[in-house]
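Okay, structure first, notes after.
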Number of protein chains: 2
Amino acid sequence: MNCSLARALGAVGDWWTLLIVRDAMFGVKRFSDFQQSLGIARNILSARLERLVAADILSRQGTAARPLYELTAKGQALLPALVALMQWGDAWEVNGAPPVLVTDAAGRKVKPLEVRSPSGAVINGATVQFSPGPGADRRTRAFFKALQAAKDD
Amino acid sequence: MNCSLARALGAVGDWWTLLIVRDAMFGVKRFSDFQQSLGIARNILSARLERLVAADILSRQGTAARPLYELTAKGQALLPALVALMQWGDAWEVNGAPPVLVTDAAGRKVKPLEVRSPSGAVINGATVQFSPGPGADRRTRAFFKALQAAKDD
DNA sequence: CTGTATCCTTAAAGATACTG
DNA sequence: CAGTATCTTTAAGGATACAG
């Protein structure tokens with residue numbers, strides 16, 4: 001599919017994978033620790049870790065007998081997406097107080113993520129616009145063209 | 001699971017659901033348009049739309065015979081998460097140019113999302129910290145305690 | 001047009017036992 | 001400790017036909 005989101009979901013778009021990445025952000029590095037933390041079956045965890053290493057989101061460090069799984073730069077780059085989802089979950093899905101705080105090194109809570117234009121203005125779901133980019137294929141262009149035509153009605 | 005991310009994933013954590021929300025952000029409103037845009041089976045789309053309406057992420061407008069699915073405030077609040085994933089996909093998963101641009105109303109590309117501390121300093125995967133929040137249960141607290149102990153080794 | 005109802009096939013997940 | 005190998009069960013998805 002000609003869409004960045006679909007490609008992102010292809011890499012981290014299932015339940016367990018994102019939770020593994022979250023645990024890795026927390027500092028979990030060992031097979032058994034992931035397994036215990038997530039309550040995931042061993043064979044599933046094994047497959048997911050393998051996929052994440054193949055996708056260069058995790059790297060296998062330590063010894064072969066006692067590996068450590070650590071986030072690569074690509075994996076660390078998922079932080080905004082992860083935080084955005086956690087903040088949304090806190091704001092809209094959880095009744096009551098957030099179970100996990102995201103902070104800087106000094107323990108200060110991070111700010112809510114906001115989409116901003118180059119001028120710094122906050123963009124929301126009502127003001128955001130989408131358009132075909134330079135990498136759009138014919139189908140994507142046709143899709144947006146039809147969408148625009150429908151709006152003009 | 002005592003985690004905001006898990007709850008977020010429970011609501012929008014499968015492949016199709018997030019793509020439907022993305023289409024809704026684009027401005028797609030009709031059953032047949034979702035179906036055509038995504039290439040999803042009708043029964044699956046039906047089930048997903050129903051779930052999204054039940055979760056108050058979409059609302060059913062228009063007539064009963066010809067409904068329009070529109071994002072609620074809760075659905076629109078997914079914009080940062082969606083944009084974060086798209087930006088990550090563009091930066092790390094796609095070779096070449098981005099297929100879709102996210103812009104403000106004037107057509108200016110939005111800035112990359114960044115996690116920031118209250119002081120405005122950018123926080124990345126290396127400097128971020130996590131800690132149990134007020135809503136943490138015993139298990140979550142024990143988890144972070146064990147994690148801290150492991151780091152002290 | 002917007003679904004619902006069925007059937008079928010495949011894939012994912014869990015449990016468990018075993019290996020280096 | 002860190003997996004692999006198997007087996008079984010369940011759920012998800014797709015195709016298609018039908019209904020309001």
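The figures here come from the full heavy-atom set of this structure, side chains too, leaving out hydrogens, waters and symmetry mates. Just so it is clear: chains get the letters A, B, ... in the order the sequence lines come, proteins before strands, and each one is counted from 1. Predicted model, so just to flag it, every value in this text is computed and none were measured.
- Put simply, A:Ser32 has a side-chain N or O that comes within less than 4.0 Å of OP1 or OP2 on D:dA2.
- Counted by atom type alone, A:Thr127 and A:Asn124 present one or more donor-acceptor pairs between their side chains at under 3.5 Å.
- No side-chain donor-acceptor contact under 3.5 Å links A:Arg42 to the backbone of A:Ser32.
- Between B:Ile44 atom CD1 and D:dT16 atom C1' there is a gap of 13 Å when expressed in whole angstrom units.
- Ring to ring, B:Tyr69 and B:Phe31 are not that close: their centroids are 6.0 angstrom or more apart.
- With rounding to whole Å, B:Leu49 atom CG is found 13 Å from D:dG13 atom P.
- Rounded to whole Å, the distance from CH2 on B:Trp15 to P on D:dA12 is 17 Å.
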Please enumerate all protein N or O atoms sitting under 3.5 Å from an N or O of nucleotides 5-10 of chain D, with distances to 0.1 Å.
{"unit_1": "D:dT6", "atom_1": "O4", "unit_2": "A:Asn43", "atom_2": "ND2", "d": "3.2"}

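- Per the geometry, CH2 belonging to A:Trp16 stands 14 Å off P belonging to D:dA12, to the nearest Å.
- In this model, the phosphate group of D:dG3 is approached by a side-chain N or O of A:Tyr69 to a distance below 4.0 Å at OP1 or OP2.
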Check the pair A:Arg60, A:Leu49 against side chain to side chain contact (heavy atoms under 4.5 Å, CB included), reporting the backbone distance first and the verdict last. CA-CA 9 Å; A:Arg60 194 184 241 119; A:Leu49 288 173; 6.0 Å; no
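- Of the listed nucleotides (D:dG14, C:dG14, D:dT4), D:dG14 has the atom at the smallest distance from the side chain of B:Ile40.
- Note that CG of B:Leu79 is 9.5 Å distant from CE of B:Met86, once rounded to the nearest 0.5 Å.
- Whole-Å rounding puts the B:Leu19 CG to D:dG13 C1' distance at 15 Å.
- Checking side-chain atoms of A:Lys29 against main-chain N and O of A:Gln61 turns up no donor-acceptor pair under 3.5 Å.
- Distance from the side chain of A:Arg30 is smallest for D:dA2 among the nucleotides D:dG14, D:dA2, C:dT2.
- In this structure, the NZ atom of B:Lys29 is 14 Å from the P atom of C:dT2, given to the nearest Å.
- Taking atom CD1 on A:Ile20 and atom P on D:dG3, their separation rounds to 12 Å, with Å as the unit.
- Residue A:Arg66 is the one, among A:Glu50 and A:Arg66, whose nearest nucleotide of DNA chain D lies closer to the 5' end (criterion: closest heavy atom).
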Run the numbers on B:Leu58 and B:Lys74 for side chain to side chain contact (heavy atoms under 4.5 Å, CB included), then give the verdict. CA-CA 8 Å; B:Leu58 293 180; B:Lys74 181 175 172 184; over 6 Å; no
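- Contacts of A:Ala64 with the nucleic acid, taken as non-hydrogen atoms under 4.0 Å apart, are absent.
- We find that CZ of B:Arg48 is positioned 14 Å from P of D:dA11, with the value rounded to whole Å.
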